[in-house]
Amino acid sequence: MSLSIFLQNIANGLSLGSLYALIAIGYTMVYGILRLINFAHGDIFMLSTYFVFYGILIFSLPWWLSFIIAIILTAFTGMLTERIAYRPLRKAPKISLLISAIGVSFFLENAGVVVFSGIPKSFARPELFDTMLIFKDIRISTINIVSFIISIIFLMALLYIVYKTKTGLAMRAISVDVETSKLMAIDVNKTISITFGIGSALAAVGGVLWALKYPQIFPFMGIIPGLKAFIAAVVGGIGNIPGAMLGGFILGLTEIMLVGFMPELSGYRDAFAFLILILILLFKPDGLLGKNVQEKV
Amino acid sequence: MLRVENLHVHYGGIHALKGISLEVPEGKIITLIGANGAGKSTTLRTICGLVEKSDGKIFYRERDISSLDTRERTMEGLVMVPEGRRIFPNLTVYENLQLGSFMRTDEAGINKDLQWVYELFPILEERREQKAGTLSGGEQQMLAVGRALMSRPKLLLMDEPSLGLAPLLVKEIFEIIEEIKNQGTTILLIEQNAYAALNIADYAYVLETGKISMKGPGRDLLNNDEVRKAYLGG
């Protein structure tokens, strides 16, 4: 492999990794605050692409406006699922919450088939993103660069919210001790709702960028990216936000490198992500940046 | 300031509180002493809404607060220092104090209270950027008290503030409690360290298996034979 192809693969890997990172944040934040693996997260990601699709097709909005609207709508959808499917189970055993999340996932996928139809739709990619940037002999598509930059901006914004604002402080407090958070007059329900909103908004950013990269959308498209982002969150240490980002980039880079170095194995790229999951669970079950947290009793 | 009438609490099948009545007048330190499992913590947790009562009434500043949740009670100035300190170990000392003033918006007042807390506990200012989990037990207790003060309590509920502390620190914590009272905060204190608690209390209640078995001014109970036998080691 020549250096230029290697660099090209790095660029592709970073761009894919940044998308995994965006989606992984939602898993890790919700886990941090509710100890719930929100299996519906991948489907929330899927919904965002349809919001953009219909925004452009039916309401003939300019693409950038329909991106913004889709992100907002997705955030509200995420908050709505929490309100309907998770909040009533706040005092129930964790397993009920998990089953409810799987239920939401099935519901969204199948409602998607009914409402949007199961036939894949092609996503109109604005021309701006169709170009290639050429640096000497390295060719990188604009969308890869754009998605990397946009992801970094949103990830930075997220870190700012979590570590520098009052809302972020409340999130970090709740993730350690819900009862004492109430004694601090923190509105726990509101904070959990905001967490779902932020996680879903980031998934929507990931979704929109994903659809620009792979411009075909269908109701089950959230499953594999969702699972991989979940793996990324586990690799980084579930509950740990910088960990989810790191995990996302690691997963994206290794996946692209696998395909780049061993093209004959490229059919196994999805299986490869699970191999990483198994290895992490065997050798570092708390994840790369995770700490061993005692299960709350 | 606080009046509890005929309070009953059931935990599953257990009748933890069997009709407790007590009163906390403004500006006083009232203590509730008793053995392990007598229901002291349950009483406090019910007053601040973390545990649901099955019967009885709680009046705070002449108002029945049954319909308020924990958050709303805290916002009304009914603030608890929970048992076992319960500081947030992953946050810095300063962030813990910030959480105490979470619902307040009066920046000037918050800063003033922060300075006061730093005056009471200079070690907290020194360690403000340190993760709270790295503090010693005594420092964590100071942080828990300081954090509660940042909520600007009208009535401070303290659950075993001396638990697990070295004797010298116990003395210090009790001095701080008196200082807080002198600044105008009413205190309801729960203690296993009956001697220290009765010494500073204006009035005290003895709790035995979910019932009040004795009450009286702190000094009187200190000299009461039964109390001496049961709680002060003869």
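Here is how names work: the chains are called A, B, and so on, in the same order as the sequence lines, proteins then strands, and each is numbered from 1. Below, all heavy atoms of this structure are taken into account, side chains as well, without hydrogens, waters or symmetry copies.
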Should we say atom [atom1] of [X] is surrounded by more than 12 heavy atoms from elsewhere, each under 6.0 Å from it?
X	atom1	result
B:E62	CD	no
A:K166	NZ	yes
A:F154	CZ	no
B:K28	NZ	no
A:Y163	OH	yes
A:F76	CZ	no
B:E52	CD	no
B:E26	CD	no

Quick one: [atom1] on [X] to [atom2] on [Y], what's the gap to the nearest 0.5 Å?
X	Y	atom1	atom2	value
B:N90	A:R172	CG	CZ	7.5 Å
A:L169	B:N96	CG	CG	8.5 Å
B:D69	A:K182	CG	NZ	8.0 Å
A:M184	B:R86	CE	CZ	10.0 Å

Per-residue contact mode, [X] against chain A (heavy atom under 4.5 angstrom):
X	value
B:R45	side chain
B:L99	both
B:F102	both
B:R73	neither

Exercise for the section: In sequence, state the C-alpha distance, the side-chain angles, and the governing distance for A:K190 and B:R71, and then conclude on side chain to side chain contact (heavy atoms under 4.5 Å, CB included). Expected result: CA-CA 12 Å; A:K190 191 177 114 193; B:R71 190 176 76 90; over 6 Å; no

Exercise for the section: Report the option among B:M80, B:M103, B:R147 that has the most heavy-atom pairs separated by less than 4.5 Å from atoms of chain A. Expected result: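 Answer, by heavy-atom pair count under 4.5 Å with chain A: B:R147.
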
Handout entry: Exercise: identify the closest heavy-atom pair between B:M75 and A:A185
Key =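 That closest heavy-atom pairing would be CG-CB, 3.9 Å.
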
Exercise for the section: Show your reasoning for whether side chain to side chain contact (heavy atoms under 4.5 Å, CB included) applies to B:T70 and A:L183. Expected result: CA-CA 6 Å; B:T70 303; A:L183 289 174; 3.8 Å; yes

